[in-house]
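Some notes on the structure that comes next.
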Amino acid sequence: MTRTYFAIPSSRPNTPLLDEINYPADLRRLSKKELNQLADELREFLIYSVAQSGGHFGAGLGVIELTIALHYVFNTPEDNLIWDVGHQTYPHKILTGRKKDIQTIRSKGGLHPFTSIEESEYDSFGAGHSSTSISAALGMAVASPEKKHVAIIGDGAMTAGMAYEALAHAGSLDSDILVILNDNNMSISRNVGGFSNYLARIWASKLYSSIREGGKTALRFIPSAKSFAKKAETHFKGMLAPGTLFEELGFNYIGPMDGHNLRETIRTLSNLKDLKGPKLLHLITQKGKGFEPAEKKPITFHALNKFESENKKPNGTKYSAVFGEWLCNKAETGDKNLFAITPAMSEGSGMNEFAEKYPEKFFDVAIAEQHSMTFAAGLAKEGKKPILAIYSTFLQRAYDQLIHDVTLQNLDVTLAIDRAGFVGGDGATHAGIFDVSFLRCIPNMIIMSPSDEAECWKMLSTGYNYQGPAAIRYPRGEGPGAEILKNFDCLEIGKAKLINDVDSEIVIFSFGNVLDLSLDIADELNCSLIDMRFIKPLDEELIEKYAKNCKHLISIEENVISGGAGSAVNEFLSTIGFSEKLKIFGIPDEFPIVGSQADQREAAGLTKKEIIRKLSLELKLEKLNKKISTQ
């Protein structure tokens, strides 16, 4: 019986069994009776730890028993556990040598927020994006058939096409692979706990397996009879459990069963461990299991914010909230052609209010980025005005569809690209630092990047009114606090905004959310400053004007330098003979560190101190050399 907790512990809980567990080998020395106590201790320790560090919460609580069972039954790290997404792996990290560091997760110099092959040999494959686990596990199974390979994937991740591509391939190869479907979208009823557990135990048993394999051997010379027997088995299972699809793909389906029943889970995994061929175990779990507030509000407790002791400087409105409000206000004008789409990121993208008010105009297509893009293209082809709200990091997964289905046909699709730039604790897997580079090279696209909330609002209106593919990329978190004029006036396409125009040898071209940083540097240098607004098309007229009159041109952006906005400026300057004047500041050719957005900017050299230091050295400006030490 799972123990339920009602509040976050104010101090580190007493965990005598867990204290003795440093690695899975220690876990395997416990009796099965002791494992239930360990599960309670691990759950309480996780509740306490995530409250201190911040991070993903509900998903980890939902796999406490499964994590213990997997490490108890399988010989990790020799056997491979491949966790999909990886946000549920905090318990796994605690049991695999990282218990004392778990409160450093998502912090500078701390543990990765997801699985990382660089961090631990127990992390068999790196994760962060969804639906990759089955493909990776199958590749490992083909490469190392002597090992056991287990993919753990959630019901949400199973909605993506890539998961089914991998299932179909695995079924055709007949490889020894176990897929665990961690289904937390269903409640655990008495039927699941009783009769379904009984069926799962039968189908995973050695007796059933021997009868099944014996039948295959006996009928191998009679293909028609063998085919009939396979269909009969599949249809029999289909009458009793929801596994027909997986059976048709070539998997031996077991379940559904209660994923919080530690004893039954261990028994079933032990039976499946040596069963040949592709197998799928369907477990029903509950997000936030064992913590009552999270059980009642799983979306609210998907993740916890870190308890902050310092006073946080108040900022403006979150960019996702700006988008959400703009979307609702636009719908209130009676625009019948407006449609909004998200690939499973309604809450994060600020779309919940719109979804409630205008359900007929809102489509959450689940984790299906490719489909979301082409679905938007289909809407646009029939004269509608779709807005696809998508995180920068997930836009990568819909790149072919963007080129082939949207821009090649010059269809009227607006992309509201959230989480552009550094994203902080989620690290490299979720960093939105490549979109400028991979969008800028596509014909028919216009690309905008706002410097504050008011600019974001204007750009959403501009992109929506533009006849063709338009992208507005905005960062994670809050803006600087600019007042928004909530009308639907548009910007002139390709025109920048002059912030400072002074008699100076230096001008700064600032792109997007780095304007505050650019302002600080411009004040220090007493130089001109331009908020570029548009990455494509550039304001070439203004760039040329300053290129002819200034000795030094500086561009600053929060995207990789390779192919970024500064590169676009450089390409234009090369056509008019001034490229040698430009100095580009952006993200270097490396993945971001784990840490806050401020930590990541510091590591990338995107701070006032570091930019001025580099300018003083590389441009040998006498004025700067007087202000800053170059040592």
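Throughout, numbering of the chain's residues begins at 1 and tracks the sequence.
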Any heavy-atom pair between the side chains of F251 and L178 that's under 4.5 Å? no
Could you give the side-chain donor-acceptor pairs of residues 294-303 under 3.5 Å, partners two or more places apart or in another chain?
residue, atom, partner, partner atom, Å
E295, OE2, G290, N, 2.7

List the steps and the verdict of side-chain contact (heavy atoms from CB on, under 4.5 Å) for L281 and V179. CA-CA 6 Å; L281 173 60; V179 175; over 6 Å; no
So which atom in G259 and which in T265 form the shortest heavy-atom distance, rounded to 0.1 Å? O-OG1, 4.0 Å
Could you tell me which residues satisfy salt bridge (Lys or Arg N to Asp or Glu O under 4.0 Å) with E165, sequence neighbours excluded, listed by chain and number? none
Among residues two or more places apart or on two chains, list those pairs meeting salt bridge (charged side-chain N to carboxylate O under 4.0 Å, His left out) that have a residue in residues 39-52. R43-E65
Between T15 (side chain) and L18 (backbone), is there a donor-acceptor pair under 3.5 Å? no
Does anything in residues 51-64 pair up under salt bridge (charged side-chain N to carboxylate O under 4.0 Å, His left out), and if so which pairs, sequence neighbours excluded? none
Residues which pass salt bridge (Lys or Arg N to Asp or Glu O under 4.0 Å) with D19, listed by chain and number, not counting sequence neighbours: R12
Salt bridge (charged side-chain N to carboxylate O under 4.0 Å, His left out) contacts touching residues 23-39 (sequence neighbours left out): D26-R29
Intermediate values then yes/no, side-chain contact (heavy atoms from CB on, under 4.5 Å), N329 and E325: CA-CA 6 Å; N329 285 20; E325 186 177 1; 4.0 Å; yes
Greater than 12 external heavy atoms within 6.0 Å of E332's CD: yes
Output all residues satisfying ring-ring contact (aromatic ring centres under 6.0 Å, His included) with F57, sequence neighbours left out; order by chain, then residue number. F291
Closest non-hydrogen atom pair between V50 and G55, with its separation: CG1-O, 3.6 Å
Check step by step if side-chain hydrogen bond (donor to acceptor under 3.5 Å, both in side chains) holds for D418 and S320. CA-CA 7 Å; D418 201 345; S320 56; 4.6 Å; no
What pairs with R98 under salt bridge (Lys or Arg N to Asp or Glu O under 4.0 Å), at least two apart in sequence or on another chain? E119, D123
When you measure from the side chain of K93 to the backbone of P113, do you find a donor-acceptor pair of N or O atoms at a distance under 3.5 Å? no
Check whether any side-chain N or O of E247 sits under 3.5 Å from a backbone N or O of L245 as a donor-acceptor pair, and report yes or no. no
In terms of heavy-atom contacts, I341 and L379 come closest through CD1-CD1, 3.9 Å
Main chain of E369, side chain of S372: is a donor-acceptor contact present, judged purely on distance under 3.5 Å? yes
The criterion is salt bridge (Lys or Arg N to Asp or Glu O under 4.0 Å); which residues satisfy it with K148, sequence neighbours excluded? D274
List the atom of S392, the atom of I433, and the distance in Å for their closest heavy-atom pair. OG-N, 4.5 Å
So, the side chain of E453 versus the backbone of T317: is there a donor-acceptor pair under 3.5 Å, distance only? yes
Of the non-hydrogen atoms in F591 and A428, which two are nearest, and what is the gap between them? CB-CB, 3.9 Å
side-chain contact (heavy atoms from CB on, under 4.5 Å) between L30 and L17: does it pass, once the steps are laid out? CA-CA 9 Å; L30 298 180; L17 266 184; 3.8 Å; yes
Pairing donors with acceptors under 3.5 angstrom, does anything connect the side chains of D79 and H149? no
For D84 and S131, indicate whether the former's side chain and the latter's backbone hold a donor-acceptor pair under 3.5 Å. yes
At what distance, to the nearest 0.5 angstrom, does NE2 of H112 lie from OG1 of T104? 10.0 Å
Tell me, please, which residues at least two apart from F363 pass ring-ring contact (aromatic ring centres under 6.0 Å, His included). F375
Sorted by chain and residue number, the ring-ring contact (aromatic ring centres under 6.0 Å, His included) partners of Y358 (sequence neighbours excluded) come out as F354
Verdict with reasoning, S346 to D364, per side-chain hydrogen bond (donor to acceptor under 3.5 Å, both in side chains): CA-CA 7 Å; S346 174; D364 185 340; 5.3 Å; no
Step by step, would you call H92 with T67 a side-chain hydrogen bond (donor to acceptor under 3.5 Å, both in side chains)? CA-CA 6 Å; H92 160 79; T67 304; over 6 Å; no
Compute the ring centroids of F246 and H282, then answer whether they are less than 6.0 Å apart. no
Neighbour count >12 (heavy atoms, 6.0 Å) for atom NZ, K318: no
Just checking, K384 and F339: is the charged tip under 6.0 Å from the six-membered ring centre and within 45° of the axis? no
Knowing that exactly one of N271, L272, I266 qualifies, which makes a side chain to side chain contact (heavy atoms under 4.5 Å, CB included) with T268? L272
After noting the C-alpha distance and the side-chain angles of D599 and S596, does the key distance pass the side-chain hydrogen bond (donor to acceptor under 3.5 Å, both in side chains) rule? CA-CA 5 Å; D599 292 333; S596 67; 3.1 Å; yes
For S120 and Y122, indicate whether the former's side chain and the latter's backbone hold a donor-acceptor pair under 3.5 Å. yes
State, to 0.1 Å, how close A163 and A157 come at their nearest heavy-atom pair, and which atoms those are. CB-O, 4.1 Å
Quick one: do the Y319 and N513 side chains pair a donor with an acceptor below 3.5 Å? no
Minimum side-chain heavy-atom gap I180-L283 below 4.5 Å: yes
Does Q600 reach the main-chain N or O of I593 with its side chain, forming a donor-acceptor pair under 3.5 Å? yes
Taking T285 for its side chain and N182 for its backbone only, find out whether a donor-acceptor pair lies under 3.5 Å. no
If we ignore hydrogens and angles and just use 3.5 Å, is the side chain of N252 paired with the main-chain N or O of K279 as donor and acceptor? no
Of all residues at least two apart in sequence or in a different chain, which pass the ring-ring contact (aromatic ring centres under 6.0 Å, His included) check with H129? F394, H430
